[in-house]
Asker: 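Dropping the structure in here first, questions after.
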Amino acid sequence: DLSDEEWQRFATLLPPRASTTGRPQEDSRKIAAAIHHVLLNNAGWDEIPSSFGARSTIHDRFKRWNGMGILNTMWPELMMSYTSRRNTRK
């Protein structure tokens, strides 16, 4: 799961929410947490727990955010935060 601080940093990098017409967009924080889960655990897309939402939606958002450079910017910060949190639990 992303901490509130990690999410706030990540959210500032995201594009504005699409128009409100049509189907409601999946929660970006939940999508980001799912992507974090996949990358952190070296998991396949088919290993994403259903509690994160539809795997196809998560993968589509991953491709979009990756194409925009958001993940390249955010991943190093998330890894430093994760390492720091893990070290304080020991």
Side-chain angles (χ1 to χ4, degrees):
D1 238 6
L2 299 175
S3 69
D4 289 342
E5 183 179 322
E6 290 166 341
W7 169 244
Q8 288 303 316
R9 172 71 179 110
F10 194 88
T12 63
L13 300 172
L14 297 177
R17 199 172 178 107
S19 74
T20 57
T21 60
R23 212 168 24 150
Q25 191 177 41
E26 285 291 327
D27 177 45
S28 291
R29 184 172 184 163
K30 188 163 54 167
I31 300 285
I35 292 169
H36 185 244
H37 170 82
V38 168
L39 297 176
L40 191 62
N41 295 293
N42 197 26
W45 296 108
D46 59 338
E47 299 174 65
I48 299 171
S50 60
S51 60
F52 284 118
R55 293 175 182 134
S56 59
T57 301
I58 295 164
H59 188 249
D60 287 347
R61 197 81 62 92
F62 169 82
K63 291 187 297 186
R64 185 179 333 146
W65 291 348
N66 193 44
M68 297 169 75
I70 293 169
L71 299 178
N72 287 338
T73 300
M74 202 55 208
W75 183 244
E77 290 186 37
L78 288 174
M79 284 308 302
M80 285 189 310
S81 177
Y82 169 76
T83 302
S84 175
R85 281 190 289 160
R86 193 178 79 196
N87 289 339
T88 58
R89 291 181 191 155
K90 289 182 178 182

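Just so you know, residue 1 is the first one in the sequence shown, and it goes up from there.
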Asker: I'd like a table of donor-acceptor pairs (distance under 3.5 Å, sequence neighbours excluded) in which one partner is a side-chain atom from residues 44-52, with atom names and distances.
Answerer:
unit_1 : atom_1 : unit_2 : atom_2 : d
E47    : OE2    : G44    : N      : 2.8

Asker: Please name all residues satisfying side-chain contact (heavy atoms from CB on, under 4.5 Å) with A11, sequence neighbours left out, ordered by chain then number.
Answerer: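 Expected list: W7.
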
Asker: Which atom names give the shortest non-hydrogen contact between P15 and I70, and what distance separates them?
Answerer: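 That would be CD-CD1, 4.0 Å.
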
Asker: Listing request: all salt bridge (charged side-chain N to carboxylate O under 4.0 Å, His left out) pairs with a residue in residues 24-42, at least two apart in sequence or in separate chains.
Answerer: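 Every pair satisfying salt bridge (charged side-chain N to carboxylate O under 4.0 Å, His left out) with a residue in residues 24-42: D4-R29.
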
Asker: Can you list everything that forms a side-chain contact (heavy atoms from CB on, under 4.5 Å) with N42? Sequence neighbours excluded, please.
Answerer: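 N42: no side-chain contact (heavy atoms from CB on, under 4.5 Å) contacts found.
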
Asker: Working note: T73 + R9, criterion side-chain contact (heavy atoms from CB on, under 4.5 Å); need CA distance, chi angles, decisive distance, verdict.
Answerer: CA-CA 10 Å; T73 300; R9 172 71 179 110; 4.1 Å; yes

Asker: Could you state the interatomic distance from CH2 (W65) to CD1 (I31), rounded to the nearest 0.5 Å?
Answerer: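 If I round to the nearest 0.5 Å, the distance is 6.5 Å.
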
Asker: Within this structure, what is the CG-CG distance for the pair L39 and L71, rounded to the nearest 0.5 Å?
Answerer: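 One finds 7.0 Å between CG of L39 and CG of L71.
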
Asker: Taking all heavy atoms of I58 and all of A34, pick out the closest pair and write down the distance.
Answerer: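 Shortest heavy-atom contact: CD1-CB, 3.6 Å.
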
Asker: Can you list every salt bridge (charged side-chain N to carboxylate O under 4.0 Å, His left out) pair that touches residues 52-63, not counting sequence neighbours?
Answerer: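 Qualifying pairs, neighbours excluded: D60-K63.
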
Asker: Can you sort out the partners of N41 under side chain to side chain donor-acceptor pair (under 3.5 Å), two or more places apart, ordered by chain and number?
Answerer: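 Result, side chain to side chain donor-acceptor pair (under 3.5 Å) vs N41: H37.
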
Asker: State the CG-CE distance between L2 and M74, to the nearest 0.5 angstrom.
Answerer: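 Going from CG on L2 over to CE on M74, the span is 7.5 Å.
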
Asker: As a quick check of understanding, evaluate side-chain contact (heavy atoms from CB on, under 4.5 Å) for V38 and F62, giving each step before the final call.
Answerer: CA-CA 10 Å; V38 168; F62 169 82; over 6 Å; no

